[in-house]
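As the structure is a computational prediction, the values presented were derived from the model and not from experiment. Order of the sequence lines sets the chain letters (A, B, ...), proteins ahead of strands, with each chain counted from 1.
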Number of protein chains: 2
Amino acid sequence: MGASKTHIFSPTHNELAHAAKVLAHPARVAILEYISKQDACICNDLVDVIGLAQPTISQHLNEIKKIGLLKGTFEGKNLCYCINQERWEELQHSFHQFFSNINRNCC
Amino acid sequence: MGASKTHIFSPTHNELAHAAKVLAHPARVAILEYISKQDACICNDLVDVIGLAQPTISQHLNEIKKIGLLKGTFEGKNLCYCINQERWEELQHSFHQFFSNINRNCC
DNA sequence: AATTAATATTGCAATATTACGATAAAGATA
DNA sequence: TATCTTTATCGTAATATTGCAATATTAATT
């Protein structure tokens, strides 16, 4: 009746789906890209850059955080978000695996 | 009020998000993997293999089809789904680009 | 033409997501 | 301490997704 039956799927499939879900909103893609493009860590011009309200940005950041893609540290006044490189490469690998493991000699 | 504001994002971000959405459900990940692993094209044991009702599988297949990842052809009695290799590689490339374009020298 | 098997569509209920105004919390500054 | 700035949380409304029973469609077989 409307809830995903995650229990019937393998951990691998669930994990990839879970990661994909984070990338499944353009705001989160844009946020990740923006954060990564900053050499310095001073963030949250995000509200202006992305064009969504501050609570909405905060929620999206939280989704990204929940999957471990952000490291947050305080530096002076502002909270600073950075890409968690280790986790990033983990997900990169998962997607790479998924796309590579496909058998194409069909039809 | 609940609807994604896709118009405020770039085509690139929207397209990646759109593709990610298709992978954002374990059933669809499992379906794609299963189809690709069949050397021959006779599909739709899917209902048994995946463990969801036939209409649900049909809907998931439709999502996958909508983004162009499936080629469907008739062969004898059964409809046959195969991975659309060209589109597959397009998406593979998009994800690869996204994951590579991230600047990691921060924090 | 009638039957069978496979797939698609419809309709509906449960749940999840998206968005934002209002408000709270935390820390810096005056 | 009062104020300002930044970020988080709450509450709520709109929309989207997930899942399946019932039903329809399609094509092959009898």
Novice: Rounding to an integer number of Å, can you tell me how far A:I64 CD1 sits from C:dT18 P?
Specialist: 11 Å
Novice: Rounded off to whole Å, could you give me the CD-to-P distance for the B:Q59 and D:dC20 pair?
Specialist: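 After rounding, the gap between these two atoms is 10 Å.
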Novice: Among residues 7-26 of chain A, which contact DNA chain C at a heavy-atom distance under 4.0 Å?
Specialist: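 Contacting residues: A:K21, A:H25.
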Novice: Only pairs under 3.5 Å count here: list side-chain donor-acceptor contacts from residues 19-32 of chain A, not counting sequence neighbours, and write none if there are none.
Specialist:
unit_1, atom_1, unit_2, atom_2, d
A:H25, ND1, A:A27, N, 3.0
A:H25, NE2, B:S4, OG, 3.1
A:R28, NE, A:V22, O, 2.7
A:R28, NH1, A:H60, ND1, 3.1
A:R28, NH2, A:K21, O, 3.0

Novice: What pairs of donor and acceptor atoms, side-chain ones from residues 49-59 of chain A against any protein atom, are under 3.5 angstrom apart with sequence neighbours left out?
Specialist:
none

Novice: So does A:K65 get a side-chain nitrogen or oxygen closer than 4.0 Å to the phosphate oxygens (OP1/OP2) of D:dA8?
Specialist: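 Yes.
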Novice: Apply ring pair (Phe, Tyr, Trp, His ring centres under 6.0 Å) to A:H18 and list each qualifying residue two or more places apart in sequence or on a separate chain.
Specialist: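 In terms of ring pair (Phe, Tyr, Trp, His ring centres under 6.0 Å), with neighbours along the sequence ignored, A:H18 is linked to no residue.
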Novice: Starting at CZ of B:F95, measure out to OG of A:S94 and round the result to the nearest 0.5 Å.
Specialist: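 So the CZ of B:F95 and the OG of A:S94 are separated by 12.0 Å.
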Novice: To the nearest 0.5 angstrom, please state how far the CD1 atom of B:I83 sits from the CD atom of B:Q38.
Specialist: 11.0 Å
Novice: What is the distance, to the nearest angstrom, from the NE2 atom on A:H60 to the C1' atom on C:dA16?
Specialist: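 About 14 Å, once rounded to whole Å.
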Novice: Output the rounded distance in Å from NZ (A:K5) to P (C:dA16).
Specialist: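 Between P of C:dA16 and NZ of A:K5: 14 Å.
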Novice: What side-chain donor-acceptor pairs closer than 3.5 Å can you find for residues 6-17 of chain B, not counting sequence neighbours?
Specialist:
unit_1, atom_1, unit_2, atom_2, d
B:S10, OG, B:H13, N, 3.1
B:S10, OG, B:H13, ND1, 3.4
B:H13, NE2, A:E33, OE1, 3.2
B:H13, NE2, A:E33, OE2, 3.3
B:N14, ND2, B:T6, O, 2.9
B:N14, ND2, B:F9, O, 3.3
B:N14, ND2, B:S10, O, 3.4

Novice: Taking atom P of C:dA8 as reference, at what distance in whole Å does atom CG of B:L61 sit?
Specialist: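 The distance from CG of B:L61 to P of C:dA8 comes to 7 Å, rounded to the nearest Å.
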Novice: A:N84 versus A:I64: any side-chain heavy-atom pair under 4.5 Å?
Specialist: no
Novice: Return the SG to CD1 distance between B:C82 and B:I35, rounded to the nearest 0.5 Å.
Specialist: 8.0 Å
Novice: Round to a whole Å and report the spacing from CD of A:E63 to P of C:dT18.
Specialist: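 One finds 7 Å between P of C:dT18 and CD of A:E63, rounded.
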Novice: Starting from P on C:dT10, measure out to CG on B:N62 and report it in whole angstrom.
Specialist: 11 Å
Novice: Taking CG from B:D48 and P from C:dA5, how many angstroms apart are they, rounded to a whole number?
Specialist: 14 Å
Novice: Mind running a 4.0 Å heavy-atom check of residues 49-58 of chain B against DNA chain C and sending the residues that fall below it, in number order?
Specialist: B:Q54, B:P55, B:S58
Novice: With a 3.5 Å distance limit and no angle check, can you tell me whether B:W88 reaches the backbone of B:L69 through a side-chain donor-acceptor pair?
Specialist: no
